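Please read these numbers as outputs of a predicted model, since none were measured by experiment. When a residue number appears, it is its place in the shown sequence, counting from 1.
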Amino acid sequence: MANSALEMVGLILTLIGLIGTAASTGMPMWRVTAFIGENIIVFETRYEGLWMNCFRQADIRMQCKVYDSLLALPPDLQAARGLMCCALALGGLGLLISLVGLQCTSCIENNNRAKRVVLIIAGSMIIMSCICVLIPVSWTGHVIIRDFYNPLLIDAQRRELGEALYIGWVAAAFLFAGGCMFTCCNLQSEEKSSERYIYSRNSDYIAYPPQPLQPQQLVLLPQPQPHPVLSRHPSTNYSYQSRHPSIHSGVAYL
């Protein structure tokens, strides 16, 4: 019961992390315009995401434009695209694989070891998805902070951390927690794990009536007869009895 509850908690955490990863990937709020210094234009906000740039003015809808060229993007943005897509693929596949190995499902019957292996594989994939989310989000945040304190840039070129980065960090934490629950709860060594035998009511069995024991005939084995031992030393004692002791004593003396 304890493992089943932990598996369900891990499944919910993984699902929340996967939803957050998808939201962070699609949101354009990775970089936001910084209103510092003499920049008094607060009615217009610029957002830069993985797929598009957006402008938003007061009381006007947000207008977005998709990037025209992939090669024209900075290297951190190009890497972020690929890693976030890999994170979604690994997280989704790990979530589907974990459904097969849950104890509340009957996809694998009467084989607890196979279920543990499936959950360990799913947890490893979810942890890899967490790493793929954490790398681009942290990299982009590092670039934003570095450019913000760069004295060579003007105030209009500086950006701040957007909402998508925070959502990505939280999603990575959820994915890490879910993957650890799947992996650590089922990572048992073969020496400590005890084999369990499950009785199935649907199994075919035949009851055999007890058979009476048949009496066996005793066989007597013949006992070997002792033979006399001849020796040249007259002091040897013999246990052989004879009717003519004088003749045998003479032969033994010779």
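- In this structure, Leu165 and Ile144 approach most closely via the heavy-atom pair CD1-CD1, 3.9 Å.
- Listed by chain and residue number, Leu152, Leu153 satisfy the side chain to side chain contact (heavy atoms under 4.5 Å, CB included) test with Asn150 (two or more places apart in sequence, or in another chain).
- For Ile97, the side chain to side chain contact (heavy atoms under 4.5 Å, CB included) test picks out Leu93, Val118, Ala122, Met125, with sequence neighbours left out.
- When the side chains of ILVMFWY residues are joined at heavy-atom separations under 4.5 Å, either directly or via intervening members, Ile135 and Leu50 end up in two distinct hydrophobic clusters.
- Using a distance-only test at 3.5 Å, with no hydrogens or angles considered, no donor-acceptor pair links the side chain of Ser129 to the main chain of Leu90.
- Scanning both residues, Val32 and Glu163, for their nearest heavy atoms gives CG2-OE1, 4.2 Å.
- Residue pairs meeting the side-chain hydrogen bond (donor to acceptor under 3.5 Å, both in side chains) criterion with at least one member in residues 166-180, sequence neighbours excluded, are Ser138-Trp169.
- Annotation: Met128, atom CE; neighbour count of heavy atoms from other residues, nucleotides and ligands within 6.0 Å does not exceed 12.
- Listed by chain and residue number, Cys130, Val133, Leu134 satisfy the side chain to side chain contact (heavy atoms under 4.5 Å, CB included) test with Ala172 (two or more places apart in sequence, or in another chain).
- Evaluation of the salt bridge (charged side-chain N to carboxylate O under 4.0 Å, His left out) test over residues 73-102, restricted to residues two or more places apart or in two chains, returns Arg31-Asp76.
- Through side-chain heavy atoms spaced under 4.5 Å, either directly or across other Ile, Leu, Val, Met, Phe, Trp or Tyr residues, Trp139 is tied to Val143.
- Side-chain contact check for Leu11 versus Leu99: some heavy-atom pair is nearer than 4.5 Å.
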Task: Step-by-step side-chain contact (heavy atoms from CB on, under 4.5 Å) determination, Leu83 to Ile131 - done: CA-CA 9 Å; Leu83 289 175; Ile131 296 174; over 6 Å; no
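- The disulfide bond (SG atoms under 2.5 Å apart) test applied to Cys54 returns Cys64, not counting sequence neighbours.
- The shortest distance between side-chain heavy atoms of Thr140 and Leu77 does not fall below 4.5 Å.
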- [ ] In sequence, state the C-alpha distance, the side-chain angles, and the governing distance for Ile167 and Met29, and then conclude on side-chain contact (heavy atoms from CB on, under 4.5 Å).
- [x] CA-CA 10 Å; Ile167 295 176; Met29 291 81 170; over 6 Å; no
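- What you find for Gly10 and Met181 is that their closest heavy atoms are N-SD, 3.7 Å.
- Note on Leu15 and Phe174: separate hydrophobic clusters, where clusters join Ile, Leu, Val, Met, Phe, Trp and Tyr whose side-chain heavy atoms are under 4.5 Å apart, directly or indirectly.
- With sequence neighbours excluded, the residues forming a side chain to side chain contact (heavy atoms under 4.5 Å, CB included) with Thr14 are Leu95, Ile126, Leu175, Phe182, listed by chain and number.
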Give the table of side-chain donor-acceptor pairs shorter than 3.5 Å for residues 21-28, with sequence neighbours excluded, one pair per line with atom names and distance.
{"residue": "Thr21", "atom": "OG1", "partner": "Gly17", "partner atom": "O", "Å": "2.8"}
{"residue": "Ser24", "atom": "OG", "partner": "Ala164", "partner atom": "O", "Å": "2.9"}
{"residue": "Thr25", "atom": "OG1", "partner": "Thr21", "partner atom": "O", "Å": "2.7"}

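- Checking each of Arg159, Arg56, Met52 against Tyr47 for a side-chain contact (heavy atoms from CB on, under 4.5 Å) leaves exactly one that passes, namely Arg56.
- Taking a 4.5 Å side-chain heavy-atom cut-off between Ile, Leu, Val, Met, Phe, Trp and Tyr, the cluster of Phe176 contains only that residue.
- Through direct or indirect side-chain contacts shorter than 4.5 Å among Ile, Leu, Val, Met, Phe, Trp and Tyr, Phe55 is connected to no other residue.
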